[in-house]
Amino acid sequence: MKFTDGAWMMREGVRASYAAEAYQIHTTADEIVITAPTTNIRHRGDTLQGPVLKVRLSSPMEDVIRVKITHFEGGQDHGPHFEIAETSPSVHIQNNDQELSLTSGKLSVSIPPKSGWSLTFTAEGKAITKSPGRSTALMNVVGEGSYIQDQLTLGVGECVYGLGERFSAFVKNGQVVDIWNKDGGTGSDQAYKNIPFYMTNQGYGVFVNDSGPVSFEVASEKVSRVGFSVPGEALEYFVIYGPTPKEVLHKYTALTGRATLPPAWSFGLWLTTSFTTSYDEATINEFIDGMAQRDLPLHVFHFDCFWMRGFHWCDFEWDPDVFPAPTEMLARLHEKGLKVCVWINPYIAQQSALFNEGKAGGFLLKRANGDVWQWDMWQPGMAIVDFTNPAACDWFKSKLRALVKQGVDCFKTDFGERIPTDVVYHDGSDPVRMHNYYTQLYNQAVFEVMQEEGVDPVLFARSATVGGQKYPVHWGGDCWSDFESMAESLRGGLSLGMSGFGFWSHDIGGFEGMPPAAVYKRWIAFGLLSSHSRLHGSSSYRVPWLFDEEAVNVLRFFTKLKCRLMPYLFGQAVEARESGLPMMRAMHLEFPADRTCNTLDRQYMLGSSLLVAPVFSHEGMAEYYIPEGRWTSLLTATPYWGPKWVREEHGALSIPLLVAPNTILAVGGEDSRPDYDFTAGLTFEVYELAAKATCRVPNLAGEYVVSATAVRDGGQITFSVEGAANWSVLLVRHDSIRSASSGTVTQTERGTLISGLGGSVVVQT
């Protein structure tokens, strides 16, 4: 929200009260509490008037500083609150005539001890950002009430990232971002997943710890500052020091939670019925059998909305006219090697049998007069489940539990954004602050059903808030079937990754409309080189033979490629669980020192070693940037030297997919499914080996069980493996090989393959 009118004036109806000085200071072992009047105190008489702000400085964990600003403290806090994992770090407080500061780890905050007001955040001897004078403030707006605001400075060339899954420009400078979940598609400035956290290319992040409507002015109201404000009487935020962007995410997700590891089968190809298309079991089998007949690996089948009857969403009952024997049908799908997903949402239509149950049990959101809250959008007369009521959670979960017992393996948790504020919650939660937080309770309840039933927990969720990363997977929502929407989807995924979410997907081919064949085929390559991969549409099917024969070949090629890459990809998934890093990484995350990478949003790193640059043109022309070093095409073994920009044409069966230098890439021997024994039949592909490279491979439980090391000493390479038997090494376009101490040496188009190995091999080049 903008409170000012340019540099000199306030917006009409706004009265600003800025912190003026640290008048009274109280310190404890781990906190500084400052009384900050909004006028300078010249004599006793000046203490007779307000407003006065109280500013508390503390640390929830090392390298993180909490700032809490309050005006009136007498209000009731009805919540909800984000779950924060505090570790009670050791802090150092300095309070004398020369310095007032608090230090946690490498990060310090200091305040002028005598006159004036500012908060300066310093790390390792360098100021990283500052809340200067006329930033920390109480704002009273006529007709709207009070807000608390603060602003933090941006340096020259400083870029801001994150703030959730935003489809607008990847670098957020110049944008106004309101943290308020909405169903706006991928073509607007609205977002399904609003996260009040941003990070910059200067080595720090800022998390506003408020579940309500936080408003960010990102180099917009003041072009050299990020301003953030919340309605009410208190504002709390954390400054998180890295110094690398990976460390910022590691610490932010340590505070707010890290993802559960999705099961390996979920990384395979998902096919859906699409939304409003007409289908029954015969149609489904036509699709599934058609995939098998064309040698197209398929791993998950998803039933979208109309597995239930129209006007009955959600009653969690299969449409008896279309699916009269669902348990038997699901068993037949399992016999074909498929997992099954079904669409749900937390809304109960009036015609659903569950409406009267929910009304009688008090399980639905109510209006202030006790009526069930209802409207006619999406489903006529629909109501909304109140997840703050434990009995309502148990009731809702019981319906899903029955589906799991029928054979449903996972759920697409759609919606959760259109949550009204003119309601009363069972636990008394503030309905405004619950608007964004509702999705957390919804996704958590569904996730818990699978955990409690002993099945692999995984969602396909659309909405989220802070902490939602604990319940993967998330997808990008409703996009159009064109290259522009494909690019905006990628921007959203990269922004979400910079907001602490590890796993993300999108609708291959676009959701709205029928994509041209070229868009569909290029989106396949992008989709199969994402963490999760789903073919889905609105009013048209997404099986490839409806486009052309080449589309069938493209889907086969990239699905099998992903299956072969699963030893590497699942290892990166385990890292996402352990570190908070996304699988799909903005280039800045991996190459923060390369300034060219600061703004790149049409390419990404898939894990730490694969550079992916989707093709966004009918002509097949790709333009992308290669960081420093000798990179190698995974598909052709062609070498590329960076740093440089590349412009080249790619056929439908190709995509810029480069392996980083000094990489050992673990490749599996299975190309038909994603959940095989990764330790068997491994090939370790070695790319541009420097002095030493390492690689770890997990098992299906997410435990690292195989480790590989390659060491170069002049013309000798020693390669050793622990935890695997009968493995191979492929030295990709390496020096010419003179001899190997063991194994069978074969020359291939991509390099030298040494097979039949166990333990170690020494290669002379």
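For the single chain, residues carry numbers from 1 onward in sequence order.
- Under a 3.5 Å cut-off, the side chain of Asp77 and the backbone N or O of Gly79 do form a donor-acceptor pair.
- Salt bridge present: Arg630 and Glu688 bring a charged side-chain N and a carboxylate O closer than 4.0 Å.
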Starting from the C-alpha separation in whole Å, work towards a yes-or-no answer on side chain to side chain contact (heavy atoms under 4.5 Å, CB included) for Met139 and Met10.
-> CA-CA 10 Å; Met139 298 291 188; Met10 301 305 298; 4.2 Å; yes

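- Side-chain contact between Val466 and Tyr252 is present, with at least one heavy-atom pair separated by less than 4.5 Å.
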Any chance you could lay out the side-chain hydrogen bond (donor to acceptor under 3.5 Å, both in side chains) test for Tyr471 and Gln440, step after step, and finish with the verdict?
-> CA-CA 9 Å; Tyr471 310 118; Gln440 183 75 349; 4.6 Å; no

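- Under a 4.0 Å N-O distance rule, the pair Glu83/Lys470 qualifies as a salt bridge.
- Between Phe207 and Tyr237, the ring centre distance reaches or exceeds 6.0 Å.
- Between Gly203 and Val248 the shortest heavy-atom distance is O-CG2, 3.7 Å.
- The nearest pair of heavy atoms linking Ala693 to Ile664 is O-CD1, 3.4 Å.
- If you run side-chain contact (heavy atoms from CB on, under 4.5 Å) between Leu658 and each of Ile626, Thr632, Val612, Leu610, only Ile626 comes through.
- Looking only at distances, no side-chain donor or acceptor of Glu165 sits under 3.5 Å from a matching main-chain atom of Asn194.
- A 4.5 Å side-chain heavy-atom check between Val160 and Val171 finds every atom pair outside the cut-off.
- By the 6.0 Å and 45° rule, Arg696 stacks over the aromatic ring of Tyr704.
- The pair Asp713-Lys692 does not meet the salt-bridge criterion, since no charged nitrogen lies less than 4.0 angstrom from a carboxylate oxygen.
- In this structure, Lys251 pairs ionically with Asp63, as a charged nitrogen and a carboxylate oxygen lie closer than 4.0 Å.
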Taking it one step at a time, do Gln572 and Arg585 satisfy side chain to side chain contact (heavy atoms under 4.5 Å, CB included)?
-> CA-CA 11 Å; Gln572 298 300 304; Arg585 304 175 186 176; 3.4 Å; yes

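- More than 12 heavy atoms of other residues, nucleotides or ligands sit less than 6.0 Å from atom CD of Glu144.
- Panel note: side chain Ser495, backbone Gly492; no donor-acceptor pair is recorded below 3.5 Å.
- Ile69 is listed as a side-chain neighbour of Thr136, based on a closest heavy-atom distance under 4.5 Å.
- Listed here is the closest heavy atom pair of Tyr624 and Ala613: CB-CB, 3.6 Å.
- Between the side chains of Gln202 and Thr200, no donor N or O sits under 3.5 Å from an acceptor N or O.
- Ion pairing between a basic and an acidic side chain is recognised when a charged N comes within 4.0 Å of a carboxylate O; Lys222 and Glu217 show no such pairing.
- Ring centroid separation for the pair Phe197 and Phe238 does not come in under the 6.0 Å cut-off.
- The number of heavy-atom neighbours closer than 6.0 Å to NZ of Lys130, taken from other residues, nucleotides and ligands shown, is 12 or below.
- One N or O on the side chain of Asn173 and one on the backbone of Glu158 form a donor-acceptor pair closer than 3.5 Å.
- The aromatic ring centres of His474 and Phe501 sit less than 6.0 Å apart.
- Residues Glu73 and Glu233 fail the side-chain proximity criterion, which asks for heavy atoms closer than 4.5 Å.
- In this structure, the side chains of Leu138 and Tyr147 stay at 4.5 Å or more apart for every pair of heavy atoms.
- Note: Ile148 CD1 to Phe72 CZ = 10.0 Å, rounded to the nearest 0.5 Å.
- Remark: the backbone N or O of Thr260 is not paired with any side-chain donor or acceptor of Arg577 at under 3.5 angstrom.
- No donor-acceptor pair under 3.5 Å is formed between the side chain of Arg134 and the backbone N or O of Tyr18.
- Considering CD1 of Ile179 and OG of Ser211, their distance stands at 12.0 Å, rounded to 0.5 Å.
- In this structure a side-chain-to-backbone donor-acceptor pair under 3.5 Å is missing from Thr596 to Asp594.
- Taking 4.5 Å as the limit, every side-chain heavy atom of Tyr604 sits out of range of all side-chain heavy atoms of Leu589.
- Applying the side chain to side chain donor-acceptor pair (under 3.5 Å) rule to Glu21 yields the partners Asn40; only residues at least two apart in sequence or on another chain are considered.
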Show your reasoning for whether side-chain hydrogen bond (donor to acceptor under 3.5 Å, both in side chains) applies to Ser530 and Trp504.
-> CA-CA 7 Å; Ser530 300; Trp504 177 83; over 6 Å; no

Could you give me the CA-CA distance, side-chain angles and deciding distance for Gln94 and His92, then say whether side-chain hydrogen bond (donor to acceptor under 3.5 Å, both in side chains) is met?
-> CA-CA 7 Å; Gln94 191 82 10; His92 176 70; 3.2 Å; yes

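- The pair Glu578-Arg258 fails the salt-bridge criterion, with no side-chain N (NZ, NE, NH1 or NH2) lying under 4.0 Å from an Asp/Glu carboxylate O.
- In this structure, Trp645 has its ring center under 6.0 Å from that of Tyr625.
- A salt bridge does not link Lys106 to Glu62: none of the charged nitrogens lies less than 4.0 Å from a carboxylate oxygen.
- In this structure, the side chains of Thr38 and Val52 stay at 4.5 Å or more apart for every pair of heavy atoms.
- Side chain of Gln603 to backbone of Met587: no donor-acceptor contact under 3.5 angstrom is found.
- Salt bridge status for Arg66 with Glu31: absent, with no side-chain N to carboxylate O gap under 4.0 Å.
- Centroid-to-centroid, the aromatic rings of Tyr198 and Tyr161 stay 6.0 Å apart or farther.
- Across every non-hydrogen atom of Ala234 and Thr70, the tightest pair is CB-CG2, 3.7 Å.
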Ser131 and Asp150: CA distance, side-chain angles, deciding distance, side-chain hydrogen bond (donor to acceptor under 3.5 Å, both in side chains) verdict = CA-CA 7 Å; Ser131 172; Asp150 211 349; 2.6 Å; yes

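- The side-chain heavy atoms of Leu48 and Asp46, taken from C-beta on, include no pair separated by under 4.5 Å.
- How far CD of Glu575 is from CZ of Phe570: 13.5 Å, rounded to the nearest 0.5 Å.
- Within a 6.0 Å sphere centred on CZ of Arg433, heavy atoms belonging to other residues, nucleotides or ligands number more than 12.
- Listed for the Thr663 side chain is no donor-acceptor partner under 3.5 Å among the backbone atoms of Val659.
- The environment of CD in Glu722 is sparse: at most 12 heavy-atom neighbours from other residues, nucleotides or ligands sit within 6.0 Å.
- In this structure a side-chain-to-backbone donor-acceptor pair under 3.5 Å is missing from Ser101 to Ser110.
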